[in-house]
Amino acid sequence: MPAGAAMKLPLALLVFFSALLYSQIQPPPQKVPGSPGGPPVTATRTKLRDGRHVAYLESGVPKERARFKIIFVHGFFCCRHDVLNVSQGLLQDLGIYLLSFDRPGYCESDAHPARTEESIAVDIAELADNLQLGPRFHLMGFSMGGEIMWSCLKHIPHRLSGVAILAPVGNYWWSGLPAEVWYAQFPQDRVAVWIAHHLPWLTNWWNTQRLFPSSSVKARNPTIYSREDKPLTVKFAQRAHNKQVTQQGEHESLHRDMIVGFGKWGWSPLQPDNPFAGVGDEVKVHLWHGVEDLFVPVALSRHLSKRLPRVIYHELPTAGHLFPLADGMPDVIVKSLLLGDE
(Lines give C-alpha, C1' and ligand atoms only; values in the text may rest on other atoms or scores of the structure.)
Protein backbone atom coordinates (compact mmCIF):
# COMPACT_ATOMS: atom_id res chain seq x y z
CA MET A 1 0.00 0.00 0.00
CA PRO A 2 1.43 3.41 -0.93
CA ALA A 3 2.52 5.53 2.01
CA GLY A 4 -0.03 8.25 1.17
CA ALA A 5 -2.92 5.78 1.14
CA ALA A 6 -1.75 4.26 4.43
CA MET A 7 -1.90 7.70 6.06
CA LYS A 8 -5.36 8.41 4.70
CA LEU A 9 -6.90 5.16 5.98
CA PRO A 10 -6.80 6.06 9.73
CA LEU A 11 -8.20 9.51 8.92
CA ALA A 12 -11.02 7.96 6.89
CA LEU A 13 -11.82 5.53 9.72
CA LEU A 14 -11.83 8.40 12.23
CA VAL A 15 -14.27 10.37 10.09
CA PHE A 16 -16.46 7.28 9.60
CA PHE A 17 -16.69 6.40 13.28
CA SER A 18 -17.17 10.05 14.28
CA ALA A 19 -20.10 10.31 11.87
CA LEU A 20 -21.48 7.02 13.22
CA LEU A 21 -21.21 8.24 16.81
CA TYR A 22 -22.84 11.56 15.90
CA SER A 23 -25.78 9.78 14.29
CA GLN A 24 -26.21 7.59 17.36
CA ILE A 25 -26.41 10.44 19.86
CA GLN A 26 -28.83 12.56 17.82
CA PRO A 27 -32.45 12.39 19.01
CA PRO A 28 -35.05 11.39 16.43
CA PRO A 29 -37.03 14.19 14.75
CA GLN A 30 -39.78 15.73 16.85
CA LYS A 31 -43.39 14.99 15.93
CA VAL A 32 -45.11 18.37 16.09
CA PRO A 33 -48.81 18.32 17.08
CA GLY A 34 -51.02 19.34 14.21
CA SER A 35 -48.28 19.07 11.58
CA PRO A 36 -48.31 16.60 8.66
CA GLY A 37 -47.41 13.22 10.12
CA GLY A 38 -47.58 14.58 13.66
CA PRO A 39 -50.13 13.76 16.37
CA PRO A 40 -53.54 15.42 16.09
CA VAL A 41 -54.52 18.39 18.22
CA THR A 42 -57.46 17.40 20.40
CA ALA A 43 -56.94 19.66 23.42
CA THR A 44 -57.98 23.23 24.07
CA ARG A 45 -54.87 25.32 23.48
CA THR A 46 -53.78 28.93 23.87
CA LYS A 47 -51.01 30.74 22.00
CA LEU A 48 -48.12 32.41 23.81
CA ARG A 49 -46.36 35.55 22.64
CA ASP A 50 -43.51 33.60 21.04
CA GLY A 51 -45.95 31.56 18.94
CA ARG A 52 -45.92 28.35 20.98
CA HIS A 53 -49.20 26.68 21.86
CA VAL A 54 -50.00 25.41 25.37
CA ALA A 55 -52.65 22.72 25.84
CA TYR A 56 -54.69 22.99 29.04
CA LEU A 57 -57.52 21.41 31.00
CA GLU A 58 -59.99 23.21 33.27
CA SER A 59 -61.96 21.64 36.13
CA GLY A 60 -63.82 22.70 39.24
CA VAL A 61 -66.12 25.71 39.28
CA PRO A 62 -66.11 28.29 36.45
CA LYS A 63 -63.30 30.78 36.91
CA GLU A 64 -65.77 33.68 36.81
CA ARG A 65 -67.26 32.66 40.15
CA ALA A 66 -64.25 30.90 41.71
CA ARG A 67 -63.10 31.84 45.18
CA PHE A 68 -59.72 30.16 44.59
CA LYS A 69 -57.79 29.63 41.36
CA ILE A 70 -55.13 26.92 41.35
CA ILE A 71 -52.67 26.05 38.58
CA PHE A 72 -51.26 22.52 38.79
CA VAL A 73 -47.86 21.70 37.26
CA HIS A 74 -47.38 18.03 36.36
CA GLY A 75 -44.30 15.90 36.82
CA PHE A 76 -42.03 13.66 34.75
CA PHE A 77 -43.80 11.38 32.23
CA CYS A 78 -47.14 13.10 32.96
CA CYS A 79 -49.41 15.66 31.32
CA ARG A 80 -52.44 17.89 31.92
CA HIS A 81 -54.65 14.86 32.57
CA ASP A 82 -52.54 13.92 35.63
CA VAL A 83 -53.87 16.80 37.69
CA LEU A 84 -54.53 15.98 41.36
CA ASN A 85 -57.82 14.15 41.77
CA VAL A 86 -59.43 16.67 44.12
CA SER A 87 -62.95 15.60 45.08
CA GLN A 88 -65.84 17.34 43.33
CA GLY A 89 -67.34 18.06 46.74
CA LEU A 90 -64.30 20.05 47.85
CA LEU A 91 -64.02 21.86 44.52
CA GLN A 92 -67.63 22.97 44.83
CA ASP A 93 -67.63 23.69 48.58
CA LEU A 94 -64.54 25.93 48.45
CA GLY A 95 -65.25 27.36 45.00
CA ILE A 96 -62.04 26.09 43.38
CA TYR A 97 -61.13 26.57 39.73
CA LEU A 98 -58.35 24.09 38.85
CA LEU A 99 -56.17 24.49 35.77
CA SER A 100 -53.61 21.99 34.51
CA PHE A 101 -51.54 22.18 31.35
CA ASP A 102 -49.04 20.22 29.28
CA ARG A 103 -45.53 21.46 29.90
CA PRO A 104 -43.42 22.18 26.77
CA GLY A 105 -42.87 19.09 24.62
CA TYR A 106 -45.38 16.98 26.53
CA CYS A 107 -48.61 15.67 24.99
CA GLU A 108 -50.02 18.59 22.95
CA SER A 109 -48.01 21.63 24.08
CA ASP A 110 -45.38 22.81 21.60
CA ALA A 111 -41.80 22.06 22.49
CA HIS A 112 -39.45 24.81 23.60
CA PRO A 113 -35.86 24.03 22.55
CA ALA A 114 -34.59 27.15 24.32
CA ARG A 115 -36.40 26.26 27.54
CA THR A 116 -34.79 27.23 30.85
CA GLU A 117 -35.72 27.03 34.52
CA GLU A 118 -36.98 30.63 34.22
CA SER A 119 -38.95 30.26 30.98
CA ILE A 120 -41.47 27.79 32.41
CA ALA A 121 -42.31 30.25 35.23
CA VAL A 122 -42.86 32.98 32.62
CA ASP A 123 -45.04 30.55 30.62
CA ILE A 124 -47.24 29.97 33.68
CA ALA A 125 -47.75 33.69 34.23
CA GLU A 126 -48.59 34.20 30.55
CA LEU A 127 -50.98 31.24 30.57
CA ALA A 128 -52.78 32.80 33.55
CA ASP A 129 -53.03 36.09 31.66
CA ASN A 130 -54.35 34.44 28.50
CA LEU A 131 -57.08 32.73 30.51
CA GLN A 132 -57.81 35.89 32.49
CA LEU A 133 -57.22 34.37 35.92
CA GLY A 134 -56.46 37.71 37.52
CA PRO A 135 -53.31 39.12 39.10
CA ARG A 136 -52.71 36.24 41.54
CA PHE A 137 -53.29 32.52 41.82
CA HIS A 138 -52.23 29.45 43.82
CA LEU A 139 -49.72 26.93 42.49
CA MET A 140 -49.22 23.22 43.08
CA GLY A 141 -46.39 21.22 41.52
CA PHE A 142 -45.52 17.53 41.75
CA SER A 143 -42.06 15.93 41.29
CA MET A 144 -40.35 17.73 38.35
CA GLY A 145 -43.29 20.12 38.53
CA GLY A 146 -42.43 20.60 42.21
CA GLU A 147 -38.94 21.75 41.31
CA ILE A 148 -40.53 24.37 39.04
CA MET A 149 -42.25 25.87 42.10
CA TRP A 150 -38.88 27.21 43.29
CA SER A 151 -38.45 28.99 39.94
CA CYS A 152 -41.93 30.49 40.22
CA LEU A 153 -41.18 31.75 43.73
CA LYS A 154 -38.11 33.50 42.36
CA HIS A 155 -39.30 34.76 38.97
CA ILE A 156 -43.03 35.50 39.41
CA PRO A 157 -43.47 36.03 43.18
CA HIS A 158 -45.95 38.89 42.65
CA ARG A 159 -48.39 36.48 40.98
CA LEU A 160 -48.57 33.95 43.81
CA SER A 161 -51.19 33.56 46.54
CA GLY A 162 -49.77 30.31 47.90
CA VAL A 163 -47.67 27.34 46.80
CA ALA A 164 -47.74 23.57 47.45
CA ILE A 165 -44.53 21.73 46.52
CA LEU A 166 -45.07 17.97 46.36
CA ALA A 167 -42.19 15.44 46.42
CA PRO A 168 -40.02 17.91 44.48
CA VAL A 169 -37.02 16.99 42.41
CA GLY A 170 -34.01 19.17 43.15
CA ASN A 171 -30.92 20.26 41.29
CA TYR A 172 -27.99 18.57 43.00
CA TRP A 173 -25.71 21.45 41.94
CA TRP A 174 -27.60 24.04 43.95
CA SER A 175 -25.12 25.73 46.24
CA GLY A 176 -25.72 24.90 49.87
CA LEU A 177 -26.76 21.27 49.43
CA PRO A 178 -24.75 18.77 51.49
CA ALA A 179 -23.07 15.76 49.89
CA GLU A 180 -25.43 13.37 51.68
CA VAL A 181 -28.25 14.47 49.37
CA TRP A 182 -26.23 13.51 46.29
CA TYR A 183 -25.29 10.10 47.67
CA ALA A 184 -28.86 9.33 48.73
CA GLN A 185 -29.67 8.64 45.06
CA PHE A 186 -29.27 5.27 43.37
CA PRO A 187 -25.81 5.04 41.71
CA GLN A 188 -27.29 4.82 38.21
CA ASP A 189 -29.35 7.95 38.85
CA ARG A 190 -26.25 9.84 39.97
CA VAL A 191 -24.70 9.01 36.59
CA ALA A 192 -27.84 9.99 34.66
CA VAL A 193 -28.20 13.40 36.30
CA TRP A 194 -24.42 14.01 36.08
CA ILE A 195 -24.66 13.52 32.31
CA ALA A 196 -27.71 15.79 32.07
CA HIS A 197 -25.75 18.49 33.90
CA HIS A 198 -22.28 18.17 32.35
CA LEU A 199 -22.95 16.50 28.98
CA PRO A 200 -26.52 17.46 28.03
CA TRP A 201 -25.91 16.57 24.37
CA LEU A 202 -25.42 12.96 25.50
CA THR A 203 -28.65 12.74 27.53
CA ASN A 204 -30.77 11.25 24.75
CA TRP A 205 -28.24 8.53 23.96
CA TRP A 206 -27.60 7.66 27.60
CA ASN A 207 -31.28 7.17 28.36
CA THR A 208 -31.97 5.08 25.26
CA GLN A 209 -28.84 2.88 25.09
CA ARG A 210 -28.84 -0.65 26.51
CA LEU A 211 -25.17 -1.06 27.42
CA PHE A 212 -25.36 0.56 30.87
CA PRO A 213 -28.13 1.23 33.40
CA SER A 214 -29.79 4.57 32.59
CA SER A 215 -32.04 6.69 34.81
CA SER A 216 -34.12 4.36 36.99
CA VAL A 217 -36.99 6.86 36.90
CA LYS A 218 -36.98 7.15 33.11
CA ALA A 219 -36.70 3.37 32.77
CA ARG A 220 -39.44 2.92 35.40
CA ASN A 221 -37.30 0.40 37.25
CA PRO A 222 -39.50 -1.46 39.79
CA THR A 223 -36.89 -0.95 42.52
CA ILE A 224 -37.78 2.75 42.81
CA TYR A 225 -41.31 2.07 44.04
CA SER A 226 -41.77 1.99 47.80
CA ARG A 227 -44.24 -0.28 49.57
CA GLU A 228 -46.95 2.40 49.47
CA ASP A 229 -46.06 3.40 45.90
CA LYS A 230 -46.57 -0.05 44.40
CA PRO A 231 -50.38 -0.16 44.53
CA LEU A 232 -50.51 3.42 43.21
CA THR A 233 -48.54 2.50 40.08
CA VAL A 234 -51.69 0.82 38.78
CA LYS A 235 -53.19 4.28 38.30
CA PHE A 236 -50.33 5.14 35.95
CA ALA A 237 -50.46 1.84 34.11
CA GLN A 238 -54.17 2.28 33.42
CA ARG A 239 -53.98 5.84 32.12
CA ALA A 240 -55.86 6.17 28.82
CA HIS A 241 -53.41 8.87 27.73
CA ASN A 242 -50.19 6.92 28.39
CA LYS A 243 -49.01 6.97 24.76
CA GLN A 244 -49.89 10.64 24.30
CA VAL A 245 -47.57 11.87 27.07
CA THR A 246 -44.39 11.45 24.97
CA GLN A 247 -45.98 11.46 21.51
CA GLN A 248 -43.73 14.30 20.36
CA GLY A 249 -40.67 12.23 21.24
CA GLU A 250 -38.97 11.38 24.51
CA HIS A 251 -36.22 13.92 23.92
CA GLU A 252 -38.54 16.94 23.80
CA SER A 253 -40.39 15.78 26.91
CA LEU A 254 -38.44 13.50 29.25
CA HIS A 255 -34.85 14.22 28.26
CA ARG A 256 -35.24 17.98 28.01
CA ASP A 257 -36.91 17.87 31.42
CA MET A 258 -33.71 16.33 32.81
CA ILE A 259 -31.44 18.75 30.96
CA VAL A 260 -33.28 21.78 32.37
CA GLY A 261 -34.03 20.39 35.82
CA PHE A 262 -30.46 19.24 36.46
CA GLY A 263 -28.76 21.86 34.30
CA LYS A 264 -26.66 24.88 35.17
CA TRP A 265 -28.95 27.25 37.07
CA GLY A 266 -27.70 30.73 37.81
CA TRP A 267 -29.01 30.67 41.38
CA SER A 268 -29.92 28.38 44.26
CA PRO A 269 -32.93 28.38 46.63
CA LEU A 270 -30.33 28.19 49.39
CA GLN A 271 -28.20 31.15 48.38
CA PRO A 272 -27.54 33.63 51.21
CA ASP A 273 -29.23 36.65 49.56
CA ASN A 274 -32.73 35.08 49.65
CA PRO A 275 -33.95 34.49 46.08
CA PHE A 276 -37.57 34.66 47.34
CA ALA A 277 -37.36 38.17 48.77
CA GLY A 278 -40.22 39.28 46.51
CA VAL A 279 -42.71 36.79 47.97
CA GLY A 280 -45.25 38.50 50.23
CA ASP A 281 -45.48 37.55 53.89
CA GLU A 282 -49.05 36.35 53.35
CA VAL A 283 -47.95 33.75 50.76
CA LYS A 284 -47.68 30.35 52.43
CA VAL A 285 -45.29 27.80 50.95
CA HIS A 286 -46.05 24.17 51.81
CA LEU A 287 -43.47 21.46 51.15
CA TRP A 288 -44.56 17.79 51.21
CA HIS A 289 -42.29 14.73 51.07
CA GLY A 290 -42.55 11.03 51.90
CA VAL A 291 -39.81 9.45 54.00
CA GLU A 292 -39.86 6.30 51.82
CA ASP A 293 -39.50 8.24 48.55
CA LEU A 294 -37.01 6.35 46.35
CA PHE A 295 -37.36 8.69 43.37
CA VAL A 296 -36.19 11.81 45.22
CA PRO A 297 -34.36 11.44 48.57
CA VAL A 298 -36.24 12.93 51.50
CA ALA A 299 -32.89 14.36 52.64
CA LEU A 300 -33.31 17.01 49.94
CA SER A 301 -36.58 18.42 51.30
CA ARG A 302 -35.41 18.05 54.90
CA HIS A 303 -32.41 20.23 54.19
CA LEU A 304 -34.43 22.80 52.23
CA SER A 305 -37.04 23.05 54.98
CA LYS A 306 -34.36 23.58 57.65
CA ARG A 307 -32.64 26.30 55.66
CA LEU A 308 -35.84 28.05 54.51
CA PRO A 309 -37.75 29.01 57.67
CA ARG A 310 -40.81 30.25 55.78
CA VAL A 311 -41.49 26.79 54.38
CA ILE A 312 -44.24 24.79 56.14
CA TYR A 313 -42.88 21.26 55.98
CA HIS A 314 -45.09 18.16 55.92
CA GLU A 315 -43.16 14.90 56.20
CA LEU A 316 -45.13 11.69 55.65
CA PRO A 317 -43.42 8.86 57.58
CA THR A 318 -44.53 5.88 55.46
CA ALA A 319 -45.23 7.51 52.08
CA GLY A 320 -43.24 7.12 48.89
CA HIS A 321 -43.04 9.38 45.87
CA LEU A 322 -46.58 8.85 44.58
CA PHE A 323 -48.43 9.91 47.74
CA PRO A 324 -50.41 12.69 45.94
CA LEU A 325 -52.24 9.89 44.07
CA ALA A 326 -53.43 8.17 47.25
CA ASP A 327 -57.18 8.29 47.93
CA GLY A 328 -58.10 11.40 49.87
CA MET A 329 -54.60 12.91 49.77
CA PRO A 330 -55.38 15.59 47.15
CA ASP A 331 -58.11 17.00 49.41
CA VAL A 332 -55.72 17.09 52.37
CA ILE A 333 -53.10 18.95 50.31
CA VAL A 334 -55.57 21.46 48.88
CA LYS A 335 -57.22 22.23 52.23
CA SER A 336 -53.80 22.79 53.77
CA LEU A 337 -52.86 25.15 50.94
CA LEU A 338 -56.09 27.17 50.92
CA LEU A 339 -57.29 27.02 54.51
CA GLY A 340 -54.04 26.73 56.39
CA ASP A 341 -54.84 23.34 57.92
CA GLU A 342 -51.40 22.09 58.89
Side-chain angles (χ1 to χ4, degrees), residues 68-76 78 82-84 86 98-101 103 117-118 120-121 123-125 136-157 159-172 174 176-177 181 217 257 260-262 265 267-271 274-280 282-293 295-316 319-326 329-342:
F68 299 106
K69 296 167 185 175
I70 303 176
I71 299 178
F72 178 80
V73 184
H74 69 75
F76 194 74
C78 297
D82 296 301
V83 61
L84 286 193
V86 183
L98 184 56
L99 174 70
S100 59
F101 67 99
R103 293 197 282 111
E117 59 80 21
E118 180 179 359
I120 185 62
D123 284 355
I124 290 170
R136 300 177 70 173
F137 45 82
H138 286 79
L139 276 181
M140 295 192 298
F142 170 53
S143 195
M144 291 296 282
E147 183 186 46
I148 290 168
M149 298 299 97
W150 301 115
S151 292
C152 292
L153 285 163
K154 175 174 172 59
H155 298 298
I156 57 168
R159 304 301 303 272
L160 307 179
S161 296
V163 180
I165 309 173
L166 316 176
V169 171
N171 188 311
Y172 296 97
W174 283 338
L177 281 182
V181 175
V217 178
D257 234 6
V260 174
F262 302 118
W265 291 31
W267 62 282
S268 164
L270 298 167
Q271 67 190 45
N274 185 9
F276 312 129
V279 181
E282 75 284 0
V283 177
K284 303 301 181 184
V285 179
H286 294 259
L287 173 59
W288 298 74
H289 214 117
V291 172
E292 301 300 322
D293 191 335
F295 286 64
V296 184
V298 69
L300 174 67
S301 286
R302 283 176 176 170
H303 188 75
L304 286 165
S305 65
K306 288 177 182 176
R307 292 284 303 277
L308 301 173
R310 284 194 53 185
V311 166
I312 302 168
Y313 184 47
H314 310 258
E315 188 168 285
L316 307 176
H321 190 68
L322 303 181
F323 70 84
L325 279 67
M329 198 64 206
D331 283 16
V332 172
I333 293 168
V334 168
K335 285 193 288 186
S336 175
L337 174 64
L338 301 181
L339 305 179
D341 299 337
E342 301 175 20

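Just so you know, residue 1 is the first one in the sequence shown, and it goes up from there.
- Checked against salt bridge (Lys or Arg N to Asp or Glu O under 4.0 Å), D293 has no partners two or more places apart in sequence or in another chain.
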- request: Using the side chain to side chain donor-acceptor pair (under 3.5 Å) rule, take E117 and W267 through it: C-alpha gap first, then chi angles, then the decisive distance, then the call.
  value: CA-CA 10 Å; E117 59 80 21; W267 62 282; 3.0 Å; yes
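- Across all their heavy atoms, F72 and D82 have their closest contact at CE2-O, 3.5 Å.
- The ring pair (Phe, Tyr, Trp, His ring centres under 6.0 Å) test applied to Y313 returns no partner, not counting sequence neighbours.
- In this structure, the separation between CH2 on W265 and NZ on K154 is 10.5 Å, given to the nearest 0.5 Å.
- Residues satisfying the side-chain contact (heavy atoms from CB on, under 4.5 Å) criterion with D331, sequence neighbours excluded, are V86, S87, L90.
- In this structure, the separation between NE2 on H289 and CG on L300 is 7.0 Å, given to the nearest 0.5 Å.
- Here the shortest heavy-atom pairing between N171 and G261 reads ND2-O, 3.1 Å.
- You'll find the side chain of L304 reaches within 4.5 Å of the side chain of W174, heavy atoms only.
- Atoms CD1 and CZ, from I156 and F137 in turn, are 4.5 Å apart once rounded to the nearest 0.5 Å.
- In this structure, M144 and V296 have side chains that are not in contact, with every pair of non-hydrogen atoms separated by 4.5 Å or more.
- Contact between G75 and R103 at its shortest, heavy atoms only, is O-NH2, 3.4 Å.
- In this structure, P168 and S301 have side chains that are in contact, with non-hydrogen atoms separated by less than 4.5 Å.
- Rounding to the nearest 0.5 Å gives a distance of 13.5 Å between NZ of K284 and CG of L339.
- In this structure the side chain of S161 reaches within 4.5 angstrom of the side chain of H138, judged on heavy atoms.
- Side chain of R310 to main chain of V279: a donor-acceptor pair is present (N/O by atom type, distance under 3.5 Å, no hydrogens or angles).
- A side chain to side chain contact (heavy atoms under 4.5 Å, CB included) with F142 is found for one member of I148, L322, V73, I165 and no other, namely L322.
- The heavy-atom pair separating P330 from A326 by the smallest distance is CD-O, 3.3 Å.
- Contacts of S143 classified as side-chain contact (heavy atoms from CB on, under 4.5 Å), with partners at least two apart in sequence or in another chain: V169, H321.
- Heavy-atom minimum distance, P275 versus S268: CG-O, 3.5 Å.
- Residues that satisfy the side-chain contact (heavy atoms from CB on, under 4.5 Å) test with A164, not counting sequence neighbours, are M140, L166, I333, L337.
- Between H314 and W288, the ring-plane angle classifies as parallel under the 30° and 60° cut-offs.
- In this structure, F276 and L160 have side chains that are not in contact, with every pair of non-hydrogen atoms separated by 4.5 Å or more.
- Taken to the nearest 0.5 Å, the NE2 atom of H74 stands 12.5 Å off from the CG atom of L84.
- Counting heavy atoms from C-beta on, the side chains of L139 and R159 never come closer than 4.5 Å.
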task: Show your reasoning for whether side chain to side chain contact (heavy atoms under 4.5 Å, CB included) applies to L177 and R307.
output: CA-CA 10 Å; L177 281 182; R307 292 284 303 277; over 6 Å; no
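- The side-chain contact (heavy atoms from CB on, under 4.5 Å) test applied to E118 returns T116, V122, H155, not counting sequence neighbours.
- Residues E147 and G170 approach most closely at OE2-C, 3.5 Å, considering heavy atoms.
- Contact of the I124 side chain with the C152 side chain is registered, since non-hydrogen atoms from C-beta on lie closer than 4.5 Å.
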